[in-house]
Amino acid sequence: MVCISRIEKQLLELAEIGKISESGVSRLAHSPEDREAINLVETWMIDAGMSVTIDSFSNVIGVYPGKNPQLPPVVIGSHIDTQPYAGRFDGTIGVLGAIEVIRLLKEKNIQPNRTIEVVAFSDEEGCRFNKGLFGVRGLTGKLEENELDRKDQNGITRKEALERIGIEVNRTQEPRYMPENVCAFIEMHIEQGPILESKDLPVGIVSGISGPLWLTVEFKGHSGHAGAVPMNLRQDALVGASRVIYLFDEMLKDNPDHPTVGTAGHIVNFPNSRNTISEHVTFTVDLRDIDPKRRSHYEKTLYNLIESTAEKYNLDYSITEDTNSHPKYCADWIKAIMAEELAKMGHQPFELMSGPFHDSLIMADCCPYGMIFVRCKDGISHHPKEFASMEDIAIGTELLYRTVLRIAAKNEILEGSQ
């Protein structure tokens, strides 16, 4: 059986790294706190019976060998980096649950046919360098040319940040995961929404992940004295940005039946003085929908809104696309295994979509994938009040164990894999 006390002990120990309050954590990617957490996870993987590598993208990869090493492995895991003002469950339970799966196999003296790899992916969140899913994109050969040159708000490049925590950066590292060499990917994560709680269910089976579009928008105007420039002669970049952000929000709220969501999450204002007209404003846009056509419609509407606002206030503007991912659907055969095992455990199988993106979104490009959601209180996430009960986490981990055991036992080529 899953050892609840072991998972809880590790969860609390990891939460001490980057602790900002009684339940809050700040463990930004490639920070000293992140490196401390990486080292701790590495020791737990080794103790569980895995050989471990920390690669040039700062991913922690544990390998539990199967009987037939020529067969493509099953990969499981999630991430341990956090938002600046976060809780202790997001991503972390997926890594600790995956390590627990290996511990159970070792304790039961089970060696499956397929090798199982456990990964703590680097920088899933993307808050420090405004582009997430870094580690998993590195492992699948999807990094962009300027990826290591992106800077955080302090002007530190990603390459510099990695080197500061002792990672030897290798721009030419070969992809580890490709369609021909991965059997399946399974990830456990808190739901980050209220649906499971509203259904009084401890866990759910994910049916797919909405596709995120991340944009950075810049407005450039002209600064001047707040008391001297007449209103009709101003080129106020902050007013332009505010108009777009407000109307963007109203546009999406006009269609409450659609699951489309949009957020302006990060704003930089220059010169940021109370008595000076704003000259330069940069803000980010996060637009998500499970329907790519509907998302495309809102994207075009947003572009038109930005253009008309720039014209209205006599501003220059630019739009940079940081991330553009299409929705990815979980493999039917993996969902079927999960449903069967969940029913055997005495729980109702229930499917739900994921609005947030996860490492699974990228792994889906090279193999079939499945996700397990664990209920979280009030649907709160990316906040110190984020909470999931150990009982629910244990149920999710047991389902993860049973699912991985069935997939790793297979010798044949599986549906959707190469």
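Not measured: the values here are computed from a predicted model. Keep in mind that the numbers below use all heavy atoms, side chains included, and drop hydrogens, waters and symmetry copies. Sequence positions, counted from 1, serve as the residue numbers for this chain.
- The aromatic ring centres of Phe134 and Phe129 sit 6.0 Å or more apart.
- Listed by chain and residue number, nothing satisfies the ring-ring contact (aromatic ring centres under 6.0 Å, His included) test with Phe219 (two or more places apart in sequence, or in another chain).
- Taking 4.5 Å as the limit, every side-chain heavy atom of Val206 sits out of range of all side-chain heavy atoms of His189.
- The CG atom of Asp291 sits 10.5 Å away from atom OH of Tyr298, with the distance rounded to the nearest 0.5 Å.
- To the nearest 0.5 angstrom, Glu124 atom CD is 12.0 Å from Ile80 atom CD1.
- In summary, the aromatic rings of His30 and Phe57 are positioned with their centroids too far apart to meet the 6.0 Å limit.
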(request) Kindly indicate, with the supporting measurements, whether the criterion salt bridge (Lys or Arg N to Asp or Glu O under 4.0 Å) is fulfilled by Glu340 and Arg406. (result) CA-CA 11 Å; Glu340 290 171 11; Arg406 283 185 57 176; 2.8 Å; yes
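- Partner Ile290 forms a side chain to side chain contact (heavy atoms under 4.5 Å, CB included) with one of Ser207, Ser210, Ser354 and no other, that one being Ser210.
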(request) Just do the side chain to side chain donor-acceptor pair (under 3.5 Å) check on His382 and Glu125 with the steps written out, would you? (result) CA-CA 10 Å; His382 287 185; Glu125 296 288 358; 3.3 Å; yes
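- If you run side chain to side chain donor-acceptor pair (under 3.5 Å) between Trp214 and each of Asp286, Thr323, Asn130, only Asp286 comes through.
- To the nearest 0.5 Å, the span separating CE on Met371 from CE on Met363 amounts to 12.5 Å.
- For Gln111, there are no side chain to side chain donor-acceptor pair (under 3.5 Å) partners two or more places apart in sequence or in a different chain.
- A salt bridge links Asp200 with Arg375: the distance from a Lys NZ or Arg NE/NH1/NH2 to an Asp or Glu carboxylate oxygen falls below 4.0 Å.
- Arg27 and Glu36 are not joined by a salt bridge, as no carboxylate oxygen comes within less than 4.0 angstrom of a charged side-chain nitrogen.
- Electrostatic pairing of Glu117 and Arg176 counts as a salt bridge here, judged by a charged N lying under 4.0 Å from a carboxylate O.
- Taking the charged nitrogens against the carboxylate oxygens, Lys220 and Glu279 have no contact shorter than 4.0 Å, which rules out a salt bridge.
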